[in-house]
There are 2 protein chains.
Amino acid sequence: MSETKIQTMEEFAAASGISRPTVSKYFNDPGSVRDSTRQRIEKALLLFDFRPNIFAINQNRRSTKNIGIIVPYLADPFFAEMARMIERQCIDAGYWPILFSSHGQRQSEINALETLRSLKPAGALIAPLGRASDLELIRKFADDVPTVTFDSNQEIGEVFVGSNNSQSIGLIVEYLCRTGEPPCFFETAPVNPNAIRRRKAYVEAMERLGQTPEIIHAGEQSWDFEQTGLNEGKRVIAERKLPSNTVLCSNDRIAIGFLAAAYQMGLRVGRGPGCAMRIAGHDDHPWSRFTCPPLTTVSQDYSAIVETSVEKLFEIMNSGVRKPKREETLFDGKLVLRESA
Amino acid sequence: MSETKIQTMEEFAAASGISRPTVSKYFNDPGSVRDSTRQRIEKALLLFDFRPNIFAINQNRRSTKNIGIIVPYLADPFFAEMARMIERQCIDAGYWPILFSSHGQRQSEINALETLRSLKPAGALIAPLGRASDLELIRKFADDVPTVTFDSNQEIGEVFVGSNNSQSIGLIVEYLCRTGEPPCFFETAPVNPNAIRRRKAYVEAMERLGQTPEIIHAGEQSWDFEQTGLNEGKRVIAERKLPSNTVLCSNDRIAIGFLAAAYQMGLRVGRGPGCAMRIAGHDDHPWSRFTCPPLTTVSQDYSAIVETSVEKLFEIMNSGVRKPKREETLFDGKLVLRESA
DNA sequence: CAGAATTCTTTACGCGCGTAAACTTTTACT
DNA sequence: AGTAAAAGTTTACGCGCGTAAAGAATTCTG
């Protein structure tokens, strides 16, 4: 490994015996040069481990290889995990993923969008905050940059990929009704359309089954779901406001808070004898297998959502044309039976 | 808001009636121009909302305003939260934070370092993976780029900021001994120096108190702490290998797994009568208040660690000289009493 | 083997901005 | 008011690369 200080493509081209434009071509797409020249370049690459200046590249390329990823709340392992999978897939496809978190805050999302814009990305994958989003801003962004939205369906951009909340909620409502008292639905102030769709799906499923839907709406709009679930859960239990001994929570993080509330109020949760109540969630959150008792829930198909999102994005990016009609892809959830319900 | 398409600084300078070099000066440091000119520029900024091309800026600046952040595992809310705080502080100081996660994997950390390097950052804040790290690579990186390491002390770079494990473990060991059976120490294969230091601190604290240290070492090296805590916890409990009814876990995530294990094995956890065992953790992890029962633990001073890390980094960056001696700043933990111990 | 098709080399320009130097204008202060 | 210091303007260059055009070299046809 020679330690010659190759700094520019000019120098590298000279050292490898290939002209600079050809070397440039190689870095843009190694397959675009003849086999023999590619081998010569790669041999030189081993000797000097040169990397083109990323800023100069992006300044001159018509379109960068940057792909922006914006998730609403990175401290939620659900999104962290999705972000990780998206990153990997982008890298594998030769792109340069850049990750932003909105930290649950409107202003952070706006900042992320602006920063991302200045990176002149080739495309973007955005999971909007939801209620707190500046929808017009995101829409304008999506007008200029090929964009796929996921997780939270906000009628933005050409493509949305997410979960079939209607199906998945239907699944668990049916299960809960079949195996015990029909569930009531516990939600915090809905931060995004998923929450609203799930409530709607709950009502429809209950009515389909000839049951009376009961909704407990509690807490303020916040991404601190566990805390809200805990506080409001304790309150509801203390005030004996629970219309059913079975509680379906709008998502797993709320359910985790509710489980803690039940525990702290001395209620045993589970479906066995001696249990005072059942609690179920939605998402199959990474933590849900470690709760006490482990949480019964419906899984979201993370990897399918991610894979499809990225594929669709590449489609838009490569086609160059706008889709005439907005496209939605929804994946079904699967029942995950654990002990809490 | 005129929608004139101002694209370059040249155009913007013309529109604002200021020369381009002065405008450039303004964007580098708004305080470096006269008040009156700054106001004229900012007035124009409102009209045209122009932003300098980030690639052109970084290509020409001697040193960029980029600051790299590498955390070992972003799906851990502990790191997600730290990353968020670091980002904020960098932005407030006029820098451009770029976040990477090593995803618990050696290769991801290496990739992050290489990518970061090509971004020619002004500085970097790195929480190394630990055992899995390519230490030589990080060291070489730190030789070239002003670097502060945090969380995991690997003898890298000029400055480390982290927790005083010796003090914090001492604190909880003393508490546990004072209020019940002396604790045994439960750990998974140590992924980083913190784990090792904590074990050592446990042994020292126990000996100081005249007790016999008992260490349960279980599981493989992995960042999937909860799962390991659960699996190994169940095994240890089933095999009756617990030397004490009080278990101090190496960190909260392991403790969360162990709590689940105890629950699934039918052991009631807590310090009250009727409880079979006590479980304590370390870190005051965001989730630890939602476990059943809520987890007794020692807090790490997140925000102090973050603030100091960033401050020290700015010091190094601005001083321009290497510190003659490696500097370590450690923060004390505080006892967080909840119900699990 | 000739001719066509590819691929490479040479040459040149420009991206948008940082930065330096020389000069001019504005401000601060005696 | 006069003068020095500070801040602005003008001019010019270069960063490292993408990219285009024209010509030379190579490889692919039949």
Side-chain angles (χ1 to χ4, degrees), chain A residues 4-45 48-66 94-96 117-122, chain B residues 4-45 48-66 94-96 117-122:
Chain A
T4 325
K5 38 183 186 287
I6 296 267
Q7 296 286 8
T8 75
M9 192 179 281
E10 203 84 48
E11 288 167 27
F12 177 75
S16 60
I18 307 281
S19 72
R20 191 181 65 75
T22 304
V23 171
S24 169
K25 206 149 167 287
Y26 167 84
F27 278 108
N28 271 319
D29 175 11
S32 68
V33 300
R34 205 187 292 148
D35 264 19
S36 56
T37 45
R38 197 183 62 212
Q39 280 161 23
R40 286 170 67 192
I41 293 177
E42 281 166 358
K43 213 171 77 185
L45 224 38
F48 305 105
D49 86 298
F50 156 78
R51 297 184 70 169
N53 181 305
I54 192 71
F55 303 112
I57 291 176
N58 282 319
Q59 179 172 16
N60 295 300
R61 235 202 287 258
R62 300 206 179 293
S63 136
T64 68
K65 288 274 188 181
N66 300 334
Y95 286 89
W96 183 297
R117 207 187 258 280
S118 70
L119 256 24
K120 307 194 188 307
Chain B
T4 324
K5 39 185 183 287
I6 297 268
Q7 296 286 8
T8 75
M9 193 179 281
E10 203 84 48
E11 288 166 28
F12 177 75
S16 62
I18 307 280
S19 73
R20 191 180 66 73
T22 303
V23 171
S24 169
K25 206 149 166 285
Y26 167 85
F27 278 109
N28 271 318
D29 174 11
S32 67
V33 301
R34 205 186 295 147
D35 265 20
S36 56
T37 46
R38 196 183 61 212
Q39 280 161 23
R40 285 170 67 191
I41 293 177
E42 281 165 358
K43 212 171 78 185
L45 223 39
F48 305 106
D49 88 295
F50 156 78
R51 296 186 70 170
N53 181 305
I54 192 70
F55 303 112
I57 290 176
N58 282 319
Q59 181 172 15
N60 295 301
R61 237 203 286 257
R62 301 208 178 291
S63 135
T64 69
K65 288 276 187 180
N66 300 333
Y95 287 89
W96 182 296
R117 206 185 259 280
S118 69
L119 255 24
K120 306 194 189 307

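- Residues passing the side-chain contact (heavy atoms from CB on, under 4.5 Å) test with B/A14, sequence neighbours excluded: none.
- Nucleic acid contact for B/F50: sugar-phosphate only, since backbone atoms but no base atoms lie under 4.0 Å from a heavy atom of the residue.
- Residues forming a ring pair (Phe, Tyr, Trp, His ring centres under 6.0 Å) with A/F12 (at least two apart in sequence, or on another chain): A/F50.
- Remark: A/R117 pairs with A/D144 by the salt bridge (Lys or Arg N to Asp or Glu O under 4.0 Å) rule, at least two apart or across chains.
- The heavy-atom pair separating B/F55 from A/S118 by the smallest distance is CE1-O, 4.1 Å.
- Within residues 17-36 of chain A, the residues that have a heavy atom under 4.0 Å from DNA chain C are, in order of number, A/G17, A/I18, A/S19, A/R20, A/P21, A/T22, A/V33, A/R34.
- Not counting sequence neighbours, A/T37 has no partner by the side chain to side chain donor-acceptor pair (under 3.5 Å) test.
- Contacts of A/Y26 classified as side chain to side chain donor-acceptor pair (under 3.5 Å), with partners at least two apart in sequence or in another chain: A/E42.
- The footprint of chain B on DNA chain D, defined by a heavy-atom cutoff below 4.0 Å, extends from D/dA7 to D/dG16.
- DNA chain D is contacted by both B/R38 and A/I57; B/R38 maps to the nucleotide lying nearer its 5′ end (nearest heavy atom per residue).
- Under the salt bridge (Lys or Arg N to Asp or Glu O under 4.0 Å) criterion, the residue pairs touching residues 8-29 of chain A are A/E10-A/R20, with sequence neighbours excluded.
- Remark: A/R40 engages A/I18 in a side-chain contact (heavy atoms from CB on, under 4.5 Å) (not counting sequence neighbours).
- A/R40 has its CZ atom 16 Å from the P atom of C/dT7, to the nearest Å.
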